[in-house]
Asks: 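Here it is, the structure, as structure tokens.
Computed from a predicted model, the values in this text were never measured in an experiment. Just follow the structure's listing: the first ligand is 1, and inside any ligand the first atom is 1.
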Amino acid sequence: MARLTRRDMLQLSAMAGLGASLPFPLVAQTPGQTITASTGEMQLVPGNYPKTGFWGYGGRLPGQEIRLKQGEVADLRFVNALPDASTIHWHGMRIDNAMDGVPELTQDNVQPEQSFEYKFTAGDAGTYWYHAHNRSFEQVARGLYGALIVEEAEAPDVDRDEVLVLDDWLLNPDTAQVDTDFEAMHSRSHGGRLGNFVTTNASYDLTLEAGQNQRLRLRIINAANARIFELALAGLEGWAVAYDGMPLEAPEAVTGTIALGPGQRVDLIVDVVAPAGERANLVRLEREGGVSQVAFNVGPAVALGRRPAPAPLPPNPAMVVEGLDNARRLRLRMEGGAMGNLRTASFSGQELDFRGLVDKNQYWAFNGLVGMTDTPLAEISRGETVRLEITNDTAFPHAMHLHGMHFREVMQAGGLGPLRDTVLMTSGETREIAFMADNPGKWLFHCHMLSHAASGMMTWVDIT
Ligand code: C2O
Ligand code: CU
């Protein structure tokens, strides 16, 4: 095979079904399990390309899947066999602050050849994920992430459960190695580090078998550094039943596209409606049109007809956000980036103009402050209800993630949106989120476009 251009790489990732690849085998999960982060290599790009070097959990991509039962106490020993310090963040898990995995804020960095024991109760069922939180713009881009699934006591009525971890890799088109310019000015100041090779479960052409009228639960996780996936169904019909792990009160029929920003998840329950011998797809919309993100080879019907619409998933505890009228009100103005309006901001206690910020490879500010500060965005008393109004005064979308608690959007038309841990804000938007400050500790609030987080879009709240 001839060498691929950057453009070919994108097209390659768009071609589906060249060869069937198997989903990754599950690791047997026992309490007291070890998660070792190490370097590895795998045949990510097909053809005559060399294997791609990566950093991963359990020596695989995506990292070893962690499956817990709701209510279980997870005892996970993280062993760092990487050449760099690291920690693990359990994205979306409402757990003790000491287990949140943020270096310098909630724990010390785990140095190479050291280990750390994470212990927490999986109180919420749903689709979560875990990833490195030291230099995450680099470590997540190298592959340090995996699915974290918490099973409901009673599983929904589906024939199969598929975990689909989406990512895009920025690869050198000659060598198929991960581009190591992790702090590139362009990706920091624009839309983040966007890849040129899109994968599902580390396969660019993931193809699964299915039967007509089969009902599948698709647990979709966006692990990409910056890519927003616009997803649609073809030959599949179904419902969204959970966002960011949290069950919806009522399943929502999927009629259009679903936008999934970095860090976000959606659980779909879909029926295979394509006839036997055809293909069904989870489709990713690109500027040029739809391409296959996952293909299903449809085999003979497994049932005579379709089942009735699914019941909602059982609710998790503490999903109510109340006390909005007397809530503590906060504001966050997001500024900066290329084509933005940011004139000056404070970085490390120094007021700098935009030129000065660029010199420091910093581009973004929250309320005029660049990156982490000694004092939090707000000190909040435990039990308070918080309403946070966010304005995206930048030319780019951002996926804002709150650690430790889920929130609901206060809808302009009245009412509250679904319980989520990450909100995707398009350029120019103002949106308000509300949450119960019921989890004490120091919690990050940052953009999950990880290059943005590293160049200004990071703050925290202190709940005491
Ligand atoms: Cu998934 Cu602080 O991030
Ligand atoms: Cu951002």
Side-chain angles (χ1 to χ4, degrees), residues 57 62-63 86-95 97 99-107 127-141 144-148 165-167 186-194 221-228 244-245 259-265 332-340 342 362-366 370-372 377 390-406 420-429 431 441-461:
Y57 296 115
S86 196
T87 59
I88 301 181
H89 170 59
W90 316 93
H91 182 122
M93 299 292 286
R94 301 190 289 180
I95 57 178
N97 191 244
M99 297 291 119
D100 197 45
V102 180
E104 267 89 76
L105 193 70
T106 68
Q107 69 170 95
T127 302
Y128 303 92
W129 66 302
Y130 67 102
H131 61 79
H133 217 295
N134 182 41
R135 292 177 59 82
S136 53
F137 58 89
E138 170 182 353
Q139 297 194 354
V140 173
L144 285 170
Y145 57 78
L148 170 51
V165 185
L166 316 187
D167 193 6
H186 188 272
S187 56
R188 284 188 167 216
S189 57
H190 290 71
R193 182 181 161 105
L194 292 162
I221 301 168
N222 183 354
N225 278 50
R227 179 175 297 263
I228 299 164
D244 297 349
L260 215 57
Q264 293 186 314
R265 288 89 64 214
L332 189 79
R333 172 167 290 271
M334 312 168 69
E335 290 176 291
M339 300 165 284
L342 186 64
Q362 299 290 320
Y363 305 93
W364 311 91
F366 288 160
V370 178
M372 283 298 271
L377 171 71
I390 312 165
T391 298
N392 177 4
D393 184 17
T394 80
F396 295 91
H398 304 283
M400 292 299 298
H401 170 51
L402 178 64
H403 284 217
M405 287 147 293
H406 278 58
R420 302 203 69 146
D421 62 40
T422 304
V423 60
L424 186 56
M425 306 269 314
T426 59
S427 171
E429 262 186 335
R431 290 163 75 168
K442 299 176 182 353
W443 301 108
L444 285 186
F445 186 53
H446 66 87
C447 180
H448 223 286
M449 274 86 170
L450 300 171
S451 304
H452 292 172
S455 57
M457 290 201 151
M458 176 95 79
T459 187
W460 60 292
V461 295

Asks: Looking at His398, pick out the N, O or S atom nearest to the Cu ion (ligand 2) and give its name.
Replies: ND1

Asks: Ignoring hydrogens and geometry beyond distance, is a side-chain donor-acceptor pair present between Asp393 and Thr391 at under 3.5 Å?
Replies: no

Asks: Of all the N, O or S atoms in His452, which has the shortest distance to the Cu ion (ligand 2)?
Replies: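 That would be atom ND1.
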
Asks: Just so I know, are the side chains of Leu332 and Leu377 near enough to count as touching, which here means a heavy-atom distance under 4.5 Å?
Replies: yes

Asks: Taking both backbone and side chain into account, is any N, O or S atom of His133 nearer than 2.8 Å to atom 1 (Cu) of ligand 1?
Replies: no

Asks: Report yes or no: do Asp244 and Tyr128 form a side-chain donor-acceptor pair below 3.5 Å?
Replies: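 Per modelled atom types, Asp244 and Tyr128 side chains form no pair under 3.5 Å.
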
Asks: Determine the sole option in His398, His133, His91, His403 for which the ring pair (Phe, Tyr, Trp, His ring centres under 6.0 Å) test with His448 is passed.
Replies: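 Exactly one pass, corresponding to His91.
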
Asks: Any chance the side chains of Thr426 and Glu429 put a donor and an acceptor closer than 3.5 Å?
Replies: yes

Asks: Do you see an N/O/S atom of His89, backbone or side chain, under 2.8 Å from atom 2 (Cu) of ligand 1?
Replies: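 Not a single backbone or side-chain N, O or S atom of His89 is under 2.8 Å from atom 2 (Cu) of ligand 1.
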
Asks: Name of the His91 N, O or S atom nearest atom 1 (Cu) of ligand 1?
Replies: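 Closest to atom 1 (Cu) of ligand 1 among those atoms: ND1.
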
Asks: With a 6.0 Å cut-off on the ring centroids, do His452 and His190 count as close?
Replies: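 No, ring centres 6.0 Å or more apart.
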
Asks: Is it true that some N/O/S atom of Cys447, main chain or side chain, lies under 2.8 Å from the Cu ion (ligand 2)?
Replies: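 Yes, Cys447 qualifies, because one of its backbone or side-chain N, O or S atoms lies under 2.8 Å.
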
Asks: If the cut-off is 2.8 Å, does any N/O/S atom of His448 fall short of it from atom 1 (Cu) of ligand 1?
Replies: yes

Asks: Hey, what's the angle at atom 2 (Cu) of ligand 1 spanning NE2 (His403) and NE2 (His446), nearest 10 degrees?
Replies: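 The two atoms subtend 110° at atom 2 (Cu) of ligand 1.
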
